[in-house]
Amino acid sequence: MAVLSKIPHNCYEIGHTWNPSCVRSAVDVTLGALEVSLKIYVPLYLIAAVLRRRKKDYYLKRLLPEILQSTSFLTANGGLYIVFFCILRKLLGGFYSWSGGFGSALPASYFAILLERKSRRGLLTIYMTNLATETLFRMGVTRGFLKPIKHGEVFLFCITASLFMFFFRCKDGLKGFTFSGLKFVIGKEEIPTHSAVTEQEYPQVHARTTAVESQELQVSRRKRLIDFTKKLLESVCKFGPRHRCCKHYEDNCIAYCIKGFVRMFSVGYMIQCCLKVPSAFRQMFSKPSLLPSLFYNKENFQLGAFLGSFVSIYKGTSCFLRWLRDLDDELHALIAGFLAGMSMFFYKSTTISMYLFSKLVETMYFKGIEAGQLPYFPHADTIIYAISTAICFQAAVMEVHNLRPSYWKFLLRLTKGRFALMNRQLLDVFGTEASRDFKVFVPKLDPCCTMLDGNIVLRPETDIQLS
């Protein structure tokens, strides 16, 4: 089939097939987006306020305005898209392959992000840039321009983790939330020392002896086993090998790695369990048999193994290099971080890899600005967000199969399913297989409001009904 550059259909035939009126369709999308946005941001801000231990003054004066501001941003992003969708069609006299997706979403996203709080624009930009990069890569693979790399997400995560851990160990390498997050994951023992250390800089920790109380003459076998295990663990933790450069004074290197694994495995397991609580709660009464799967789920253990092994491998490699080189050096973090990145084999996630890589690029860019090596572009986050969102909307219109499934579900939720009502069979002429996942759907259009040979066929009585 020949690929056309323009099709003459109106926006009702392609875009808002549920209603011929552009105004009413825009209102439908806006109201739906408003409802969904409130459902998203009200609990999100409430939970964040509780976790951050906000004071009463925040709840009385700042909570509601912040919720309404973020809600207006997301609502405008959805409502303005359909507005510009119709405006571009009227200006261009038809549809081009770029106008229904990229062209309509670009101005809508730009004006929408201006409504959002400045403190959140950076995070939104990183997320959408990550998503747009993944979408472009999938588009390139579909067209044969690129070839997917086996375990590519793991390799990318290894490089990203290596550089992040190096910056973590360097003086003023990381700041703010990124530094706090790594400090929580890795532990305070690996807080940067900023220089190679000597023996005088780290005091020797003498082994602490414990008094063994064994006055009872008759004890059960079970208690003897418990006591023996406890003493063995205490012995391993206190009397095992520890290099003089290591800062984990209370534990030896082996116990240091084991404790790090157990701690972050528990964190990962609990995170995954909490994510499944809402769905499990809804099914608790209808299907009680599914409740145990909340705790004994494969994904729970995978995320726990990923986080636990990342920490233990990083700590173990760092300790090994301190023993090997007899000093503590920032360069150790490059090797330890790369090897720790192999832990993603337990929990492969392109989303995590791409997000952290985008965050790394942002960190390096701002470091270049601070060093005077890179220029500063005002409002760059706003522009990048608009372009990234437009790329994702282009895929959502023309080639949904190349869009991340989770984001497509989010678009369906935001528009109350109306994004799936586009007449993508008419868009197949552009050669992107727009209707590949929508073969069954055929919109029921009012023939009085469709076009014939490029001209709108509209009876007077229909015009009165739509007015």
Side-chain angles (χ1 to χ4, degrees), residues 1-5 96-98 100-103 105-106 125-166 298-299 302-303 305-306 309-310 313 334-335 337-365 384-411 419 424-425 427-439:
M1 180 184 293
V3 179
L4 303 179
S5 60
Y96 292 86
S97 59
W98 55 269
F102 187 90
L106 184 64
T125 300
I126 292 176
Y127 173 77
M128 292 308 303
T129 303
N130 158 29
L131 186 59
T133 304
E134 180 184 340
T135 303
L136 289 174
F137 178 79
R138 292 186 178 187
M139 290 180 176
V141 172
T142 300
R143 290 162 173 77
F145 300 148
L146 300 172
K147 292 184 178 180
I149 303 175
K150 188 177 182 180
H151 308 308
E153 69 274 28
V154 178
F155 182 70
L156 179 63
F157 181 72
C158 289
I159 297 176
T160 304
S162 176
L163 293 174
F164 258 132
M165 298 315 302
F166 174 72
K298 182 180 179 181
E299 293 182 358
Q302 287 177 333
L303 182 60
F306 164 54
S309 59
F310 179 86
I313 293 174
L334 286 172
I335 301 175
F338 186 88
L339 293 178
M342 297 292 182
S343 60
M344 181 161 275
F345 278 110
F346 289 108
Y347 190 82
K348 290 186 178 181
S349 174
T350 304
T351 302
I352 294 176
S353 296
M354 291 297 300
Y355 178 82
L356 292 177
F357 179 74
S358 301
K359 190 66 179 177
L360 176 64
V361 172
E362 180 197 38
T363 301
M364 297 179 69
Y365 173 70
I384 295 174
Y385 171 84
I387 295 175
S388 301
T389 305
I391 291 172
C392 296
F393 270 68
Q394 175 70 16
V397 174
M398 300 300 299
E399 39 194 313
V400 179
H401 48 277
N402 287 325
L403 188 65
R404 186 184 298 173
S406 60
Y407 189 70
W408 171 243
K409 292 180 181 178
F410 168 74
L411 291 179
F419 221 132
R424 289 175 171 81
Q425 293 184 5
L427 300 176
D428 281 338
V429 296
F430 293 117
T432 60
E433 298 182 286
S435 67
R436 194 176 83 172
D437 298 331
F438 305 90
K439 295 295 185 181

Ser343 side chain to Ala340 backbone, donor-acceptor under 3.5 Å: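 Present.
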Donor-acceptor pair, Gln394 side chain versus Ser97 backbone, under 3.5 Å? yes
Between [X] and [Y], which heavy-atom pair has the shortest distance, and what is it?
X	Y	result
Thr363	Phe164	OG1-CE2, 4.2 Å
Thr432	Arg143	CG2-NH2, 3.9 Å
Ala161	Gly337	CB-O, 3.5 Å
Met128	Cys392	CE-SG, 3.8 Å
Tyr385	Thr125	CB-OG1, 3.6 Å

Which of these, Met398, Glu134, Glu399, sits in a side-chain contact (heavy atoms from CB on, under 4.5 Å) with Met139? Glu399
Among Val141, Leu136, Thr142, find the one that has a side-chain contact (heavy atoms from CB on, under 4.5 Å) with Asn402.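 Running side-chain contact (heavy atoms from CB on, under 4.5 Å) over Val141, Leu136, Thr142 with Asn402 returns exactly one hit, Thr142.
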Say you draw a straight line from [atom1] of [X] to [atom2] of [Y]; how long is it, rounded to the nearest 0.5 Å?
X	Y	atom1	atom2	answer
Phe310	Met165	CZ	CE	5.5 Å
Thr351	Leu356	OG1	CG	10.5 Å
Thr389	Leu106	OG1	CG	9.0 Å
Thr160	Phe155	OG1	CZ	10.0 Å
Asn130	Thr135	CG	OG1	9.0 Å
Cys158	Phe345	SG	CZ	7.0 Å

Parallel under 30°, tilted from 30 to 60°, perpendicular over 60°: which one fits the rings of Phe393 and Tyr407? perpendicular
Side chain to side chain contact (heavy atoms under 4.5 Å, CB included) between Ile352 and Met344: does it pass, once the steps are laid out? CA-CA 10 Å; Ile352 294 176; Met344 181 161 275; 3.9 Å; yes
Applying the ring pair (Phe, Tyr, Trp, His ring centres under 6.0 Å) criterion to Phe157, which one of Phe346, Tyr347, Tyr355, Phe306 satisfies it? Phe306
For the residue pair [X] and [Y], establish whether any side-chain heavy-atom pair is separated by less than 4.5 Å.
X	Y	result
Met354	Leu156	yes
Phe419	Val400	no
Glu362	Thr129	no
Leu403	Leu411	yes

If you apply the rule side chain to side chain contact (heavy atoms under 4.5 Å, CB included), what do you find for Phe357 with Thr133, and how did you get there? CA-CA 11 Å; Phe357 179 74; Thr133 304; over 6 Å; no
Just checking Phe137: does its CZ atom have more than 12 heavy atoms from other residues, nucleotides or ligands closer to it than 6.0 angstrom?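 For Phe137, atom CZ is crowded (more than 12 foreign heavy atoms under 6.0 Å).
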Passes side chain to side chain contact (heavy atoms under 4.5 Å, CB included), His151 versus Lys348? Steps please. CA-CA 8 Å; His151 308 308; Lys348 290 186 178 181; 2.5 Å; yes
